[in-house]
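A short worksheet on the structure shown next.
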Amino acid sequence: MTTPSVASDAGALLGVYARVGPVFVAGEGSELIAEDGARYLDFVAGIAVNALGYNSPVFRDAVMRALDTGLVHVSNLYRTEPGERLATELAGRAFPSGGQAFFCNSGAEANEGAFKFSRKWSGKTDIVAFTGSFHGRLFASLAATDRPDYRRAFEPLLAGVQIIPLGDKDAARSVITAERTAAVIIEPVQGEGGVRPVPAAFLAFLRELCDSRKVALIFDEVQCGLGRTGTWFAAEQSGVVPDMYTLAKPLGGGLPMGAILLNDRIAAPLAPGDHATTFGGGPFVATVALDVVRAIGDHDFLADVRAKGKWLGAALAALVPRRPRVREARGRGLMWGLELNEAAAPVVAAARDRHLLVLTAGATVIRIVPPLTVSRDELERGVAILDEVLA
Ligand SMILES: Cc1ncc(COP(=O)(O)O)c(C=O)c1O
C-alpha cells in the first residue's frame, strides 16, 4: 500500500470550504511556505487570527511554559490561575469600573453567549443587528448575520432577530424597543460585510438608545478587536463603551479561543449553571492568550500598528486614481478593504498566482488583514503586487 499524498487526502474533509492553491507546510513571520518551498506573503493571516505572525517567539515561549505545567485542560469545575489572570487583564481593559470575562472557543460561540446574557439581564428576548453584519454560523449568530445565502438552507433560525439598515436612526428607534429588545449587536468595523468602519456618531446614538430602553449593547470585536485597527478595541476610537465585547480570532495566538467581556451590570444576574463550555479558558490556552494579549496591548506595538496602517491606507487610497478598477479604499489600522468596480475573487486569485494572499469581503471587496507584525517592506511588496494585478 502506498502512502496517500496530501492532495489525495483532501476528499475526506467535508466540502464546505472552497479550498484553493498550494498545500502549506510551514510559516515564518508574514509568510506561508508551500510544499514546494515557495513563499507566499500572507495578508490573510488566518483571517485576522495570526496577529503575531507565524512562528512568533512570544507564542512559542508561552506554549512551552504552558506545557511545562503539565496542565492542558482542567475542568471549569475547579480553579486554575491562567484563566483567572487572563479574565482580570481583559475585563480590566474593557471595563475599568468593573467587569468580568467568560471564555469559550470561537467568535460565534461568544456571540451566542452574549445573546443569552442579554436575555437574563433584560428579561426580554429580541436581538437587533445591522445590514452587512457577520456574527457567526450557529443558530442565533447566523440569524443576526446579514447573509441570506448562508442562512437559507438552515431556517428556521433563532426567532426574534431583526436586521435593520446600518446607520438608519429612524429604523433603530422603531425596532429597538423597551418592551422586547434584549440586545443590539454591531461590529464597530464590519469585516465580512466589506470592511466598513461604522461612524462614531452612530455608535454613540446606539449607546444612548440602548441605555434609555434597557437594551444590552454588544460590540462584536471578533475581527476588528485586539489591536487590529491600531487600538486595543476598535470602538476606543469612537469613545463609546458597550455592555459586552465579544472577542476571538487573535486571542489565543492561533489556538481556538473566544471571550465575552461583560460589565458588572450584565454579569450581576448570572449564576452557576446559567452558561458553560467544557474547554473554555483552560490553563493551556489561557497561558498563551495572556502573553498574546500583553504583546498586542503594548503601547509601542499598537503605535507601530497605527503607523503601518497609516502608510497602508495611503498606499491603497493612491490606487484609486491610478487603477480605474478600484472604487474606494476603506479601513483602519491593519484592516483594509478595496472596493472594486468588478468581482473581487479573480483579483484574489491573480494575487495568489503572484504569491500574495488576500481575501474577499463580499463580492466586490478585497480584504487585507496582514499579521500586525508585518514589516513596512512587506506592506510595500504586497501593495506593489496588488497594483500589478489591478493594472
Ligand atoms: C465579526 C465576526 N464575528 C463573529 C465571527 C465568527 O467567528 P468564528 O468563525 O470564530 O465562529 C467572525 C468570523 O469571521 C467575525 O468576523
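Each residue takes its place number in the sequence, starting with 1. Just so you know, ligand 1 is whichever comes first in the structure, and atom 1 is the first atom listed for that ligand.
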Taking T88 for its side chain and E84 for its backbone only, find out whether a donor-acceptor pair lies under 3.5 Å.
->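 The answer is yes, because a donor-acceptor pair under 3.5 Å joins these two groups.
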
Is D126 reaching over with its side chain to a backbone N or O of T181, donor-acceptor style, under 3.5 angstrom?
->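 The answer is no, because no donor-acceptor pair under 3.5 Å joins these two groups.
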
Return yes if a side-chain donor-acceptor contact under 3.5 Å exists between D42 and Y54, otherwise no.
->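 The answer is yes; a qualifying pair exists.
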
Verify the distance criterion only: is there a donor paired with an acceptor across the side chains of E221 and T246 at less than 3.5 Å?
->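 No, no side-chain donor-acceptor pair sits under 3.5 Å.
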
Name every donor-acceptor pair, under 3.5 Å, that has one atom in a side chain of residues 150-158 and the other anywhere in the protein, sequence neighbours excluded.
unit_1	atom_1	unit_2	atom_2	d
Y150	OH	R147	NH2	3.3
R151	NH1	T145	O	2.8

Could you check K249, R228, E192 and say which one makes a side-chain hydrogen bond (donor to acceptor under 3.5 Å, both in side chains) with Q223?
->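 Among K249, R228, E192, the one meeting side-chain hydrogen bond (donor to acceptor under 3.5 Å, both in side chains) with Q223 is E192.
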
Show the protein residues that qualify under the rule heavy atom under 4.0 Å from an atom of ligand 1, listing them in chain and number order.
->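 Ligand 1 is contacted, at a heavy-atom distance under 4.0 Å, by S106, G107, A108, N111, F134, H135, G136, E187, E192, D220, V222, Q223, K249.
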
